[in-house]
Amino acid sequence: MARVHCLVVVPFIFLCIFVVKVHSLSFTLSAGTKKCLREEVHKDVLVTGEFRLSEAPIKTHLTVVDTNNHVLYKKQDAQKGKFAFTTDDYDMFEVCFESEGQHGQGIDREIFLDVKTGVEAKNYDDLAKVEKLKPMELELKKLEDLSEAIVNDFAYMRSREEEMRDTNESTNARVLYFSVFSMLCLVGLAAWQIFYLRRFFISKKLIEN
């Protein structure tokens, strides 16, 4: 029986991995330049970040903002540190590094950034100490949070699919109305041309009335 449970849990864990978003990267920032990392997150999602900058004779500033330019975190002359925040609504945030100096000075600085969102951002070690959870209870807690994240992601994808379906139906209806209107205009134009040409030929006595 234990083997059957294991076979059920393992695929579930692999499915949960896709919900967790981790961005660990490094890049070079020259003097007088700015680079940003942009990420979309759902509502009530914990976001944590850890950064470290190499030594350089220039100052580099770190700013984390949302789409409304609300400053979520700011660090002047950043060297290393951590930041964390929880989103109030579905939003997009930017992590920006900006170096002082003039571009082309030949001064580069290596930046290491590790951003985690969702379940991966939670500190389960501290949670286990506070709530006195056993190892098995802690793993079950992780699976519970992962399953909740999966449900939220599927609910969001469903809502987006419904919005896209409504948009497609609205677009199709508008295209249909426009097509009918275009056909009526063409029929009216053709009738007017026939009427006008008939009057023209009658005035020139090319045909009889």
Side-chain angles (χ1 to χ4, degrees), residues 9-30 32-54 60-99 109-127 138-172 174:
V9 172
V10 170
F12 178 76
I13 294 176
F14 279 103
L15 177 62
C16 293
I17 291 175
F18 291 97
V19 179
V20 179
K21 295 182 180 179
V22 181
H23 296 282
S24 181
L25 69 155
S26 63
F27 56 90
T28 301
L29 186 67
S30 302
T33 59
K34 180 179 180 180
K35 289 186 179 180
C36 296
L37 170 68
R38 179 177 295 182
E39 178 66 31
E40 291 183 346
V41 288
H42 299 300
K43 182 180 179 181
D44 297 329
V45 173
L46 176 64
V47 180
T48 63
E50 185 174 359
F51 59 91
R52 178 172 57 86
L53 287 73
S54 62
T60 302
H61 310 303
L62 168 62
T63 306
V64 183
V65 298
D66 59 13
T67 52
N68 296 321
N69 288 327
H70 294 154
V71 178
L72 305 174
Y73 179 83
K74 189 173 184 180
K75 180 70 173 179
Q76 299 289 335
D77 191 16
Q79 300 292 334
K80 65 178 180 179
K82 299 179 180 180
F83 61 86
F85 60 89
T86 302
T87 55
D88 296 329
D89 199 355
Y90 177 80
D91 202 353
M92 180 179 295
F93 69 93
E94 283 188 345
V95 182
C96 297
F97 292 89
E98 185 174 7
S99 288
R109 196 167 193 180
E110 193 75 14
I111 297 177
F112 302 91
L113 178 64
D114 186 11
V115 178
K116 299 177 181 179
T117 62
V119 179
E120 184 65 20
K122 293 184 178 180
N123 192 333
Y124 285 97
D125 293 336
D126 292 343
L127 180 64
L138 182 61
E139 292 300 322
L140 291 176
K141 177 62 176 176
K142 291 181 180 179
L143 289 177
E144 180 183 357
D145 292 343
L146 285 170
S147 61
E148 183 179 356
I150 289 176
V151 171
N152 293 335
D153 280 354
F154 276 119
Y156 171 73
M157 288 188 290
R158 181 178 179 180
S159 64
R160 289 294 300 271
E161 189 273 335
E162 291 177 353
E163 291 178 1
M164 292 180 61
R165 185 176 64 249
D166 294 340
T167 301
N168 290 335
E169 292 177 355
S170 176
T171 303
N172 292 335
R174 292 180 181 180

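Just so you know, these numbers use all the heavy atoms, side chains as well, and skip hydrogens, waters and symmetry mates. What you see is a predicted model; the values in this text were computed from it and never measured.
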Look at the side chain of [X] and the backbone N and O of [Y], then say whether any donor-acceptor pair between them is shorter than 3.5 Å.
X      : Y      : value
Asp66  : Asn68  : yes
Thr60  : Ala78  : no
Thr86  : Val45  : no
Lys35  : Thr28  : yes
Ser170 : Asp166 : no

Can you tell me how far [atom2] of [Y] sits from [atom1] of [X], rounded to the nearest 0.5 angstrom?
X      : Y     : atom1 : atom2 : answer
Ser54  : Gln79 : OG    : CD    : 9.0 Å
Ile111 : Phe27 : CD1   : CZ    : 4.0 Å
Asp44  : Thr87 : CG    : OG1   : 6.0 Å
Arg38  : Cys96 : CZ    : SG    : 8.5 Å
His61  : Lys75 : NE2   : NZ    : 12.0 Å
Lys34  : Leu29 : NZ    : CG    : 11.0 Å

>> The test is side chain to side chain contact (heavy atoms under 4.5 Å, CB included); show your working for Val41 and Phe85 and say whether it passes.
In response: CA-CA 12 Å; Val41 288; Phe85 60 89; 5.6 Å; no
> Should we say atom CG of Asn172 is surrounded by more than 12 heavy atoms from elsewhere, each under 6.0 Å from it?
Replying inline: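 Yes - once you tally the heavy atoms of other residues, nucleotides and ligands closer than 6.0 Å, there are more than 12.
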> Does atom CE of Met157 have more than 12 heavy-atom neighbours from other groups under 6.0 Å away?
Replying inline: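 Yes.
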>> Pair Ser99, Arg109 - check side-chain hydrogen bond (donor to acceptor under 3.5 Å, both in side chains), show working.
In response: CA-CA 9 Å; Ser99 288; Arg109 196 167 193 180; 5.8 Å; no
>> Taking side chain to side chain contact (heavy atoms under 4.5 Å, CB included) as the criterion, tell me which of Val47, Val65, Thr63, Val64 meets it with Val95.
In response: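 Of Val47, Val65, Thr63, Val64, side chain to side chain contact (heavy atoms under 4.5 Å, CB included) with Val95 is met by Val64 alone.
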> How would you list, by chain and number, every residue that makes a salt bridge (charged side-chain N to carboxylate O under 4.0 Å, His left out) with Arg165, sequence neighbours excluded?
Replying inline: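 Per chain and number, Arg165 pairs via salt bridge (charged side-chain N to carboxylate O under 4.0 Å, His left out) with Glu161.
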> Residues in salt bridge (charged side-chain N to carboxylate O under 4.0 Å, His left out) with Glu163, at least two apart?
Replying inline: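 Glu163 satisfies salt bridge (charged side-chain N to carboxylate O under 4.0 Å, His left out) with no residue once adjacent residues are dropped.
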>> What I'd like to find out is whether the side chain of Tyr73 reaches to under 4.5 Å of the side chain of Leu62, using heavy atoms alone.
In response: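 SC-SC contact between Tyr73 and Leu62 confirmed.
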